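What follows is a structure written as structure tokens; I'll ask about it next.
Sequence positions, counted from 1, serve as the residue numbers for this chain. The model shown is predicted, which means the values in this text are computed figures rather than measured ones.
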Amino acid sequence: MSPARSTAPRAAIAPLLHESLGERVYRTVRDLILSQVFPPGSKLNVEQICRDLGVSRTPVWDTMRRLESEGLVNTVPRHGVFVLNYGADQIRDLFAVRGALEALVVRQAAGHLDPDAHAGLEASMKEMEQAAAAGAIEQYSRAAIDFHDRMLAAARNQVLSRLLENVYAQILVLRLRSLYLPERVESSVAEHRELFEAVVAGEAERGERLARAHADHVLKDALEFTRRAERDR
């Protein structure tokens with residue numbers, strides 16, 4: 001009779017520890033990019049990141065490849081890794097995708113909005129209205145982001161969540177997700193209120209149209225914001 005094979009856990013532990021380290025490196029570098037410690041277009045010094053985190057090159061390069069697959073960085077042969085920095089045409093493409101995905105979010109949320117999701121969206125909507133009335137643009141931006149995040153959660157579609165969260169991350173890297181021009185806040189409040197009412201009423205098709213229109217309006221703001229930033233440099 002052949003001896004029983006050993007099932008000692010040691011062989012299984014090492015990969016888990018390695019995976020955990022890689023995940024921590026990935027989250028750390030991604031958070032630094034999203035918080036704009038590394039601004040759009042900046043070069044990432046891989047060797048310095050390794051030293052700062054006290055890790056080898058392997059998990060850092062794995063992180064770079066993962067971030068590149070998400071569209072957050074771009075590797076230029078013989079030059080290095082750079083944080084994404086889109087021009088006007090690429091920003092238009094990005095917001096076209098956002099509009100299409102958010103339209104689907106609204107359709108699915110309208111189909112099965114439960115009481116908790118309803119209450120959460122209503123709270124975000126009220127916070128937006130209060131912030132707009134007070135002229136508190138930063139507070140309004142945070143409330144608007146929360147509104148869209150709650151709408152995404154209400155859709156209850158994990159595949160859609162992953163896709164749209166990736167789009168949101170790219171917009172955040174470009175410093176465009178929390179963008180609201182002061183002169184546009186009043187109309188933005190009205191757009192969000194219409195979206196909210198369509199979803200609550202279960203009007204999926206109307207909600208889709210409103211979501212696409214809202215994304216188009218935010219795109220115009222993003223392009224204007226970009227134009228002003230370039231003018232002021």
Side-chain angles (χ1 to χ4, degrees), residues 18-102 105 137-138 140-142 144-146 148-149 152 159-181 184 215-233:
H18 176 72
E19 183 178 81
S20 177
L21 173 63
E23 186 67 20
R24 290 200 302 271
V25 172
Y26 163 75
R27 293 294 175 189
T28 298
V29 177
R30 189 176 189 271
D31 287 347
L32 289 170
I33 292 173
L34 295 184
S35 62
Q36 297 160 11
V37 171
F38 300 127
S42 63
K43 182 178 180 179
L44 297 176
N45 187 327
V46 173
E47 298 297 330
Q48 186 62 52
I49 291 173
C50 291
R51 288 192 293 270
D52 289 344
L53 298 182
V55 298
S56 67
R57 295 179 181 179
T58 299
V60 175
W61 278 113
D62 287 346
T63 287
M64 295 304 162
R65 285 189 285 271
R66 188 170 172 182
L67 292 172
E68 186 164 27
S69 73
E70 295 176 1
L72 300 185
V73 305
N74 181 38
T75 301
V76 180
R78 297 184 297 279
H79 289 85
V81 183
F82 297 83
V83 178
L84 103 107
N85 189 24
Y86 284 165
D89 288 343
Q90 291 165 309
I91 290 174
R92 289 189 183 93
D93 290 343
L94 185 59
F95 275 85
V97 173
R98 171 183 168 167
L101 293 178
E102 286 189 338
V105 166
I137 302 301
E138 289 188 10
Y140 179 81
S141 296
R142 289 193 298 271
I145 289 174
D146 185 65
H148 286 282
D149 287 345
L152 181 55
V159 175
L160 184 55
S161 291
R162 286 193 295 271
L163 291 172
L164 195 46
E165 284 169 2
N166 190 22
V167 170
Y168 285 156
Q170 292 181 51
I171 293 174
L172 184 58
V173 171
L174 295 168
R175 306 184 184 187
L176 298 177
R177 190 174 184 198
S178 59
L179 161 69
Y180 284 94
L181 300 175
R184 261 275 297 156
D216 286 343
H217 294 155
V218 177
L219 167 61
K220 292 178 182 178
D221 291 349
L223 293 174
E224 176 60 18
F225 177 84
T226 302
R227 187 190 68 79
R228 293 182 187 182
E230 291 176 349
R231 180 196 62 194
D232 295 338
R233 284 176 185 171

Side chain to side chain, Met64 and Val29, heavy atoms closer than 4.5 Å: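 The answer is yes, as the side chains (C-beta and beyond) meet within the 4.5 Å cut-off.
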Separation of Leu174 CG from Leu84 CG (nearest 0.5 Å):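 Those atoms lie 4.5 Å apart.
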Closest non-hydrogen atom pair, Phe95 against Ala215: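 Shortest heavy-atom contact: CD2-O, 4.0 Å.
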Distance in Å, Arg30 CZ paired with Thr63 OG1, rounded so as to fall on 0.5 Å steps: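 Here the rounded value is 11.5 Å.
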Electrostatic pair Arg162:Glu70 at N-O distance under 4.0 angstrom: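 Looking at Glu70 together with Arg162, the answer is no, because their closest N to O distance does not fall below 4.0 Å.
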Side-chain heavy atoms of Ile49 within contact of Val25, under 4.5 Å: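 Counting from C-beta outward, Ile49 and Val25 never come under 4.5 Å.
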Side-chain touch Asn166/Gln170, heavy atoms, less than 4.5 angstrom: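 Yes. Closest side-chain heavy atoms under 4.5 Å.
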Close side-chain approach of Leu163 and Val97, heavy atoms under 4.5 Å: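 Side chain of Leu163 against side chain of Val97, heavy atoms only: no contact under 4.5 Å found.
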Minimum-distance pair of heavy atoms, taken over all atoms of Val83 and Pro40: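 In terms of heavy atoms, the two residues are closest at CG1-CA, 4.0 Å.
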Salt-bridge criterion met for Lys220 and Glu224 (N-O under 4.0 Å):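 Not counted as a salt bridge, because no side-chain N and carboxylate O are separated by less than 4.0 Å.
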Gln48 atom CD: more than 12 heavy-atom contacts under 6.0 Å: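 Enclosed.
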Separation of Leu164 CG from Ile171 CD1 (nearest 0.5 Å):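 Taking CD1 in Ile171 and CG in Leu164, the distance rounds to 8.0 Å.
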Minimum heavy-atom distance between Gln36 and Leu172, given as atom pair plus value: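 Taking every non-hydrogen atom into account, NE2-O, 3.1 Å.
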Closest heavy-atom pair and its distance - Leu34, Ala169: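 Of all heavy-atom pairs spanning Leu34 and Ala169, the closest is CD2-O, 3.6 Å.
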Validation row: Leu67, Tyr26 side chains within 4.5 angstrom (heavy atoms):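 Of all side-chain heavy-atom pairs linking Tyr26 with Leu67, at least one is under 4.5 Å.
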Value rounded to 0.5 Å, distance of CG in Leu32 from CZ in Phe38: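 So the gap between those two atoms works out to 5.0 Å.
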Rounded distance [0.5 Å steps], CG in Asp149 versus OH in Tyr168: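 That separation rounds to 6.5 Å.
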Spacing of Glu165 atom CD and Leu160 atom CG [to the nearest 0.5 Å]: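 The CG atom of Leu160 is 9.5 Å from CD of Glu165, to the nearest 0.5 Å.
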Minimum heavy-atom distance between Gly22 and Pro59, given as atom pair plus value: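 Result for this residue pair: CA-CB, 4.3 Å.
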Validation row: Arg184, His217 side chains within 4.5 angstrom (heavy atoms):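 Contact flag for Arg184/His217 side chains = yes.
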Pairwise side-chain contact, Val60 with Val55, heavy-atom cut-off 4.5 Å (strictly under):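 With C-beta onward as the side chain, the pair touches.
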Heavy-atom side-chain proximity of Arg92 to Leu223 below 4.5 angstrom: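 Answer yes - side chains close enough.
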CA sep, side-chain torsions, deciding dist, call: Leu152, His148, side-chain contact (heavy atoms from CB on, under 4.5 Å): CA-CA 6 Å; Leu152 181 55; His148 286 282; over 6 Å; no
